[in-house]
Undergrad: 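Let me give you the structure first, and then I'll get to my questions.
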2 protein chains.
Amino acid sequence: MATGRTHRPATRSRGIPEATVARLPLYLRALTALSERSVPTVSSEELAAAAGVNSAKLRKDFSYLGSYGTRGVGYDVEYLVYQISRELGLTQDWPVVIVGIGNLGAALANYGGFASRGFRVAALIDADPAMAGKPVAGIPVQHSDDLEKIIQDNGVSIGVIATPAGAAQAVCDRLVAAGVTSILNFAPTVLSVPEGVDVRKVDLSIELQILAFHEQRKAGEGAASDGGVPAAAARSDSADQGPDGDMPAVMPA
Amino acid sequence: MATGRTHRPATRSRGIPEATVARLPLYLRALTALSERSVPTVSSEELAAAAGVNSAKLRKDFSYLGSYGTRGVGYDVEYLVYQISRELGLTQDWPVVIVGIGNLGAALANYGGFASRGFRVAALIDADPAMAGKPVAGIPVQHSDDLEKIIQDNGVSIGVIATPAGAAQAVCDRLVAAGVTSILNFAPTVLSVPEGVDVRKVDLSIELQILAFHEQRKAGEGAASDGGVPAAAARSDSADQGPDGDMPAVMPA
DNA sequence: CCATCTTTGTGCACGCGTTCACAAAGACAT
DNA sequence: ATGTCTTTGTGAACGCGTGCACAAAGATGG
């Protein structure tokens, strides 16, 4: 449920629906876990449960990739891990730069989940001269004056913006001018980018506000007797994974 | 573009579509900026541009809240700020606990965007005894042994999970048992929760993987002549704000 | 008071995504 | 080989969300 993607018109990248692409990493994570336990095959039912989705949806998702299952048996875990990784482009190395090494930027730099998926933190960039040279997560922070050179020297095409809102658009413009074509934006601003550049936004404040909306709704429901759901008809299984699966967020306005 | 919300069945909370709810914080942010500049009214066109959405969509969104505009003039900024705040439940105070004070948890605790929207960090909780008492962002970290008491004493209904993946489900279960009904999950796991509890997931790894997919596609398009889109038909305006607004993310698998 | 101009609010059509339900395909046992 | 049983892959229906395009509403000027 991320916060914010603004739907792209009709991208349907190469036939694979955007909604499916967004779920592939989920399947990949579940499959990786199975792989580590040396499980050879899974049924769509099992895998769907592990990924927290509907089994029919999962099968349809996989059908966009091709017919990788065996009827009566299920899917070969290793093979599927490979196919999804390849489809997502994770079989290659993606150098990433993080701009804005404040609390969040530092947390992202320290975040261990990059390397495990083909992402490599190529550089940390900050506008504060006092930060320059200071190592964060073992990587020395570089000054933003050198942004263009860093991007080009490392062949970076993915940038992460973790600056204050006021600086985000300027940083974005420079990243794009230097050749970055995919941006993950943690700053609470709407970024303007030219055609061909992808932006994904993560906005904590928005996520919290959405939760507050539903929270308020639940509270009001109990008070006013409007025939709402009994409240505690707890079902044992998972299901209900938040409204919309669509949008993520970090950092408020 | 968040990562993951798993759509809720048919929630349509009180008639307001989920997609609209997800955009209200966006409008609110833009309106707040206008309010600070003492702008009295805005047209749907202007506000839509500021929020990065279609003006027809914005008008339709507002129509779910009621008719707050004046034809020929536009919307009253202050009034709209109030109405949206009220609708989102931001006129009340929301105590929030953050569980897992690692790099990310600390970054969240330091994050200034909470207070500005009615969210208050009521407590920081960590399982490491060495952290107990240590102040982070001016708030002393408390040990997770006291989790239930902290939740109840502060009347907390919203919890943020920033623990490692392995601990997330257990923490989630304890939060829910203690009375939390909304969870913002930064751990790369699918959480199982009973009916009535909302979960929103923020997963950095997933966001990056989605970007990588599109990045790979762009790269392959230029190389292999598969009749793809011309690639550089650059349009000058913004638009394209990432695929699928649905999902946000932080922390990989 | 009437005409004109601006901007809202919405009816309608379209497309994507989800889900159901089932036929086809293959494994496995006999 | 044949039959049974499991599980995939997908056709079809449905619902939500989006965007167009326009009528209604109100402001503004004469």
Side-chain angles (χ1 to χ4, degrees), chain A residues 1 4-13 15-24 27 40-49 51-77 79-80 83 239-241 243-247, chain B residues 1 4-13 15-24 27 40-49 51-77 79-80 83 239-241 243-247:
Chain A
M1 60 216 49
R5 69 215 13 135
T6 310
H7 240 81
R8 70 169 37 183
T11 302
R12 258 305 170 88
S13 324
I16 301 182
E18 194 55 40
T20 295
V21 172
R23 280 188 295 267
L24 290 181
Y27 302 145
T41 61
V42 259
S43 68
S44 62
E45 203 69 51
E46 292 166 327
L47 184 54
V53 304
N54 182 301
S55 71
K57 193 186 295 185
L58 180 144
R59 287 197 301 276
K60 182 147 287 191
D61 283 342
F62 285 173
S63 77
Y64 292 115
L65 308 182
S67 287
Y68 296 149
T70 305
R71 296 176 192 228
V73 176
Y75 299 91
D76 182 280
V77 173
Y79 187 58
L80 208 44
Q83 289 299 342
D240 183 358
Q241 199 72 290
D244 161 30
D246 199 289
M247 313 158 181
Chain B
M1 40 239 51
R5 66 214 14 133
T6 309
H7 240 79
R8 68 170 40 183
T11 302
R12 259 304 170 89
S13 323
I16 300 181
E18 194 56 40
T20 294
V21 172
R23 279 187 296 267
L24 290 181
Y27 302 144
T41 60
V42 260
S43 67
S44 62
E45 203 69 50
E46 293 166 328
L47 185 54
V53 304
N54 182 300
S55 70
K57 194 186 295 185
L58 179 144
R59 286 198 300 276
K60 183 151 288 188
D61 283 342
F62 286 174
S63 78
Y64 292 115
L65 308 183
S67 287
Y68 295 149
T70 305
R71 298 176 190 228
V73 177
Y75 299 91
D76 182 279
V77 173
Y79 187 56
L80 208 44
Q83 287 299 342
D240 183 357
Q241 200 71 289
D244 167 33
D246 192 280
M247 312 161 182

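None of the values given here were measured: they were computed from a predicted structure. Just so you know, these numbers use all the heavy atoms, side chains as well, and skip hydrogens, waters and symmetry mates. In what follows, chains are A, B, ... by sequence order, proteins preceding strands, each numbered from 1.
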Undergrad: Under the ring pair (Phe, Tyr, Trp, His ring centres under 6.0 Å) rule, collect the residues that match up with B:F62, sequence neighbours excluded.
TA: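 Once residues adjacent in sequence are excluded, the partners of B:F62 under the ring pair (Phe, Tyr, Trp, His ring centres under 6.0 Å) criterion are B:Y27, B:Y75.
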Undergrad: Specify the separation, in whole Å, of atom NZ of B:K57 and atom P of C:dC12.
TA: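 Atom NZ in B:K57 sits about 22 Å away from atom P in C:dC12.
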Undergrad: Measure OH/B:Y68 against C1'/C:dT7 and give the value in whole Å, please.
TA: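 Between C1' of C:dT7 and OH of B:Y68: 19 Å.
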Undergrad: Just the rounded figure in Å: distance from P of D:dC16 to CG of B:D61.
TA: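 So the CG-P distance, B:D61 to D:dC16, works out to 16 Å.
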Undergrad: Out of D:dT18, D:dT8, C:dG9, which has the shortest distance to the side chain of B:Y75?
TA: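 Output: C:dG9.
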Undergrad: Give one of base, sugar-phosphate or nothing for B:F62, where a contact means two heavy atoms less than 4.0 Å apart.
TA: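 No contact.
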Undergrad: Not counting sequence neighbours, which residues clear side-chain contact (heavy atoms from CB on, under 4.5 Å) with B:S55? List them please.
TA: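 In terms of side-chain contact (heavy atoms from CB on, under 4.5 Å), with neighbours along the sequence ignored, B:S55 is linked to B:S44, B:E45, B:A48, B:R59.
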Undergrad: Who pairs with A:Y79 by side-chain contact (heavy atoms from CB on, under 4.5 Å), at least two apart in sequence or on another chain?
TA: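 Partners of A:Y79 under the side-chain contact (heavy atoms from CB on, under 4.5 Å) test: A:Y68, A:D76, A:Q83.
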Undergrad: Would you tabulate the pairs of protein nitrogen or oxygen atoms and nucleotide nitrogen or oxygen atoms of nucleotides 2-4 of chain C closer than 3.5 angstrom?
TA:
none

Undergrad: What is the minimum heavy-atom distance between A:G15 and A:Y64, and which atoms define it?
TA: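 That would be O-CD2, 3.9 Å.
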Undergrad: Quick one, give me the B/S/- string for nucleotides 24-30 of chain C, reading 5' to 3', where B means a protein heavy atom under 4.0 Å from the base and S means that only happens at the primed atoms, P, OP1 or OP2.
TA: BBSS---
Undergrad: Whole Å only: how far is the CD atom of B:E18 from the P atom of D:dG15?
TA: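 Taking CD of B:E18 and P of D:dG15, I get 19 Å after rounding.
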Undergrad: In chain order, what residues pass the side-chain contact (heavy atoms from CB on, under 4.5 Å) check against A:T41, with sequence neighbours excluded?
TA: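 If we apply the side-chain contact (heavy atoms from CB on, under 4.5 Å) test to A:T41, skipping adjacent residues, the hits are A:V73.
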Undergrad: When rounded to the nearest 0.5 angstrom, what distance separates CZ in A:R23 from NZ in A:K60?
TA: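 Reported value, rounded in 0.5 Å steps: 11.0 Å.
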Undergrad: To the nearest Å, how far apart are A:L65 CG and D:dT10 P?
TA: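 The answer, rounded to whole Å, is 12 Å.
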Undergrad: What is the distance, to the nearest angstrom, from the CD atom on B:E45 to the C1' atom on C:dT8?
TA: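 Rounded to the whole Å, the gap is 12 Å.
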Undergrad: B:L65 versus B:L24: any side-chain heavy-atom pair under 4.5 Å?
TA: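 Touching, per the 4.5 Å side-chain cut-off.
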Undergrad: What is the separation between atom CG on A:L58 and atom P on D:dG9, rounded to the nearest whole Å?
TA: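 Computing the A:L58:CG to D:dG9:P distance gives 10 Å.
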Undergrad: Scan nucleotides 20-22 of chain D against the protein and return all N/O pairs shorter than 3.5 Å with their distances rounded to 0.1 Å.
TA:
from, atom 1, to, atom 2, distance (Å)
D:dA21, N6, B:R59, NH2, 3.3

Undergrad: What pairs with A:T20 under side chain to side chain donor-acceptor pair (under 3.5 Å), at least two apart in sequence or on another chain?
TA: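 For A:T20 the side chain to side chain donor-acceptor pair (under 3.5 Å) partners, ignoring immediate neighbours, are A:D61.
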Undergrad: Are A:S44 and D:dT7 close enough that a side-chain N or O sits under 4.0 Å from OP1 or OP2?
TA: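 Indeed not, no polar side-chain atom of A:S44 lies that close.
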Undergrad: In whole angstroms, how far is the P atom of C:dT10 from the OH atom of B:Y64?
TA: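 About 10 Å, once rounded to whole Å.
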